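Accompanying notes for the structure given below.
Side-chain atoms are counted along with the backbone in the values below, which use heavy atoms only and exclude waters and symmetry mates. Whatever order the structure lists ligands and atoms in, that order sets their numbers, starting from 1. Just so it is clear, the model here is predicted, and its values are computed rather than measured.
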Amino acid sequence: MESNEKVPYVLTGKSHTAVAVNAAAKAGEWIKSRLGAYGQLATKSSEQDLVTEIDKGAEQMIRRLILTHFPDHAILGEEGVEPGEDASLHALRDAADEEYLWIIDPIDGTTNFVHGFPFYSVSIALAKDGEVVLGVIYDPSRDEMFVAEKNKGAYVHGARMAVSREEQLSQGLIAVGFPADPVAKLPINLRGIEALAPKVRSLRAGGSAALHLANVAAGRLSGYCEVGLSVWDVAAGALLVAESGGQVTDTKGEAYNLEVRNIVATNGGSLHTELLTVLKEANATGF
Ligand code: 2AM
Ligand code: CA
């Protein structure tokens, strides 16, 4: 192989992890190749909630790859579910009895993808008996593959990841979000943003929940919080953060589970507690 030739993310064998990594890499490469050529743009639950043919095509691609290897597994994908909060919760509850449930977001950060802003990702998680055991997030723009297996740590480019070490919010770089629901969720997040801004080193809003979580896991962000997300936005990233030594809870401080929509993920410890307190005092937990 020539030294400048790209090494593809192809794992041999058909373990759950190999299939997830290969599916994320294949979908990610295709998505990136279609940047700026996404065809028709449609909206879902609101004017801010975008979907393209690339989202749907990528989900199909990932579904097919998974079912080729694991035909009896269940799949919950963003583009296979009706838009809206209740629909996604119902879909999750319908799948609650499945032993193996794959949870897919073919493009997390579709708005960025549409605008050509290079911060979007493919997110694939596998839950066994309702608990996430595998999380894979691929960032095509930076060609970074984030992989976590339950109790086996989290890796990027094959190197073990660890969360950052800031202990105080005042030293923290914290990511937040502007959710696609402008009526119910945006005002809650804005209260949190206003309360956090003067207390942190700085805030960032990249526009992909999954990539925020991957970057918390990699120690590049101290934490991330957002109210009103869906299971496919956070399932893989939650395991990445936990396996990197961080902490993932809802905005009340309860441990992460698949139904959590209001998320706080940090490097853990006192910074996590501080962030929860700020959100509570600002009436920005979403509960
Ligand atoms: P998406 O690009 O897959 O839609 C940005 O704040 C985050 O919110 C992104 O991760 C984005 O994911 C997610 N998001 C966008 N629309 C959403 C919706 N209707 N419900 C929940 N999350 C949404
Ligand atoms: Ca999506």
**Message:** The criterion is side-chain hydrogen bond (donor to acceptor under 3.5 Å, both in side chains); which residues satisfy it with T249, sequence neighbours excluded?
**Reply:** H272
**Message:** Polar contacts were defined as any N/O atom of the residue lying under 3.5 Å from an N/O atom of the ligand; does this apply to A209 and ligand 1?
**Reply:** yes
**Item:** Heavy-atom nearest neighbour in the protein, as seen from atom 4 (O) of ligand 1, with distance rounded to 0.1 Å
**Value:** E78 OE2, 3.7 Å
**Complete:** Nearest heavy atom to atom 1 (P) of ligand 1, choosing from P106, S46, G109, belongs to G109
**Complete:** In ligand 1, the atoms that come under 4.0 Å of a heavy atom of G207 are 5 (C), 9 (C)
**Request:** Before accepting this row, confirm whether a basic side-chain N of the pair R93/E259 lies closer than 4.0 Å to the acidic partner's carboxylate O.
**Result:** yes
**Asked** For ligand 1, is any non-hydrogen atom under 4.0 Å from Y120's backbone (N, CA, C, O), its side chain (CB onward), both, or neither?
**Response** neither
**Request:** Looking only at protein heavy atoms, identify the closest one to atom 19 (N) of ligand 1 and say how far it is in Å.
**Result:** D49 OD2, 3.0 Å
**Asked** Which of parallel (below 30°), tilted (30 to 60°) and perpendicular (above 60°) describes F70 and W102?
**Response** parallel
**Request:** Look at atom 22 (N) of ligand 1 and say which protein heavy atom is nearest, naming residue and atom and giving the distance to 0.1 Å.
**Result:** D233 OD2, 3.1 Å
**Item:** Protein residue, atom and distance nearest to atom 20 (N) of ligand 1, heavy-atom basis
**Value:** S230 OG, 3.8 Å
**Message:** I'd like to know if the side chain of E274 and the backbone of L169 have a donor-acceptor N/O pair within less than 3.5 Å.
**Reply:** yes
**Item:** Nearest atoms (heavy-atom pairs only) where A127 meets L258
**Value:** CB-CD1, 4.0 Å
**Prompt:** Looking only at side chains, do E243 and Y155 share a donor and an acceptor under 3.5 Å apart?
**Reply:** no
**Complete:** Note: ligand 1 atoms sitting under 4.0 Å from heavy atoms of A180 are 15 (C), 16 (N), 17 (C)
**Prompt:** Quick one: does ligand 1 sit under 4.0 Å from the side chain of D108, the backbone, both or neither, non-hydrogen atoms only?
**Reply:** both
**Asked** Going by the angle between their ring planes, with limits at 30° and 60°, are Y120 and F113 parallel, tilted or perpendicular?
**Response** perpendicular
**Complete:** Paired with S164, the side chain to side chain donor-acceptor pair (under 3.5 Å) test is passed by just one of T266, N215, N267, namely N267
**Item:** E144 (side chain) donor-acceptor with V156 (main chain) under 3.5 angstrom
**Value:** no
**Asked** Is there a donor-acceptor pair under 3.5 Å between the side chain of K44 and the backbone N or O of P83?
**Response** no
**Request:** Output yes when the distance from some N or O of ligand 1 to some N or O of D105 is under 3.5 Å, and no in every other case.
**Result:** yes
**Message:** Under a 4.0 angstrom heavy-atom cut-off, which atoms of ligand 1 come close to E226?
**Reply:** 5 (C), 6 (O), 7 (C), 8 (O)
**Message:** Looking at L173, is its backbone amide N or carbonyl O close enough to the side chain of S222 to form a donor-acceptor pair, meaning the two atoms are under 3.5 Å apart?
**Reply:** yes
**Message:** Which of the numbered atoms in ligand 1 are under 4.0 angstrom from any heavy atom belonging to S45?
**Reply:** 19 (N)
**Prompt:** With a cut-off of 3.0 Å, how many protein N, O or S atoms neighbour the Ca ion (ligand 2)?
**Reply:** 3
**Item:** Donor-acceptor side-chain pairing of D108 and S123 below 3.5 angstrom
**Value:** no
**Request:** Check each atom of ligand 1 against the heavy atoms of I107 and keep those under 4.0 Å away; list them by number with element.
**Result:** 2 (O), 3 (O)
**Message:** Is a donor from one side chain sitting under 3.5 angstrom from an acceptor on the other, for Y100 and D129?
**Reply:** no
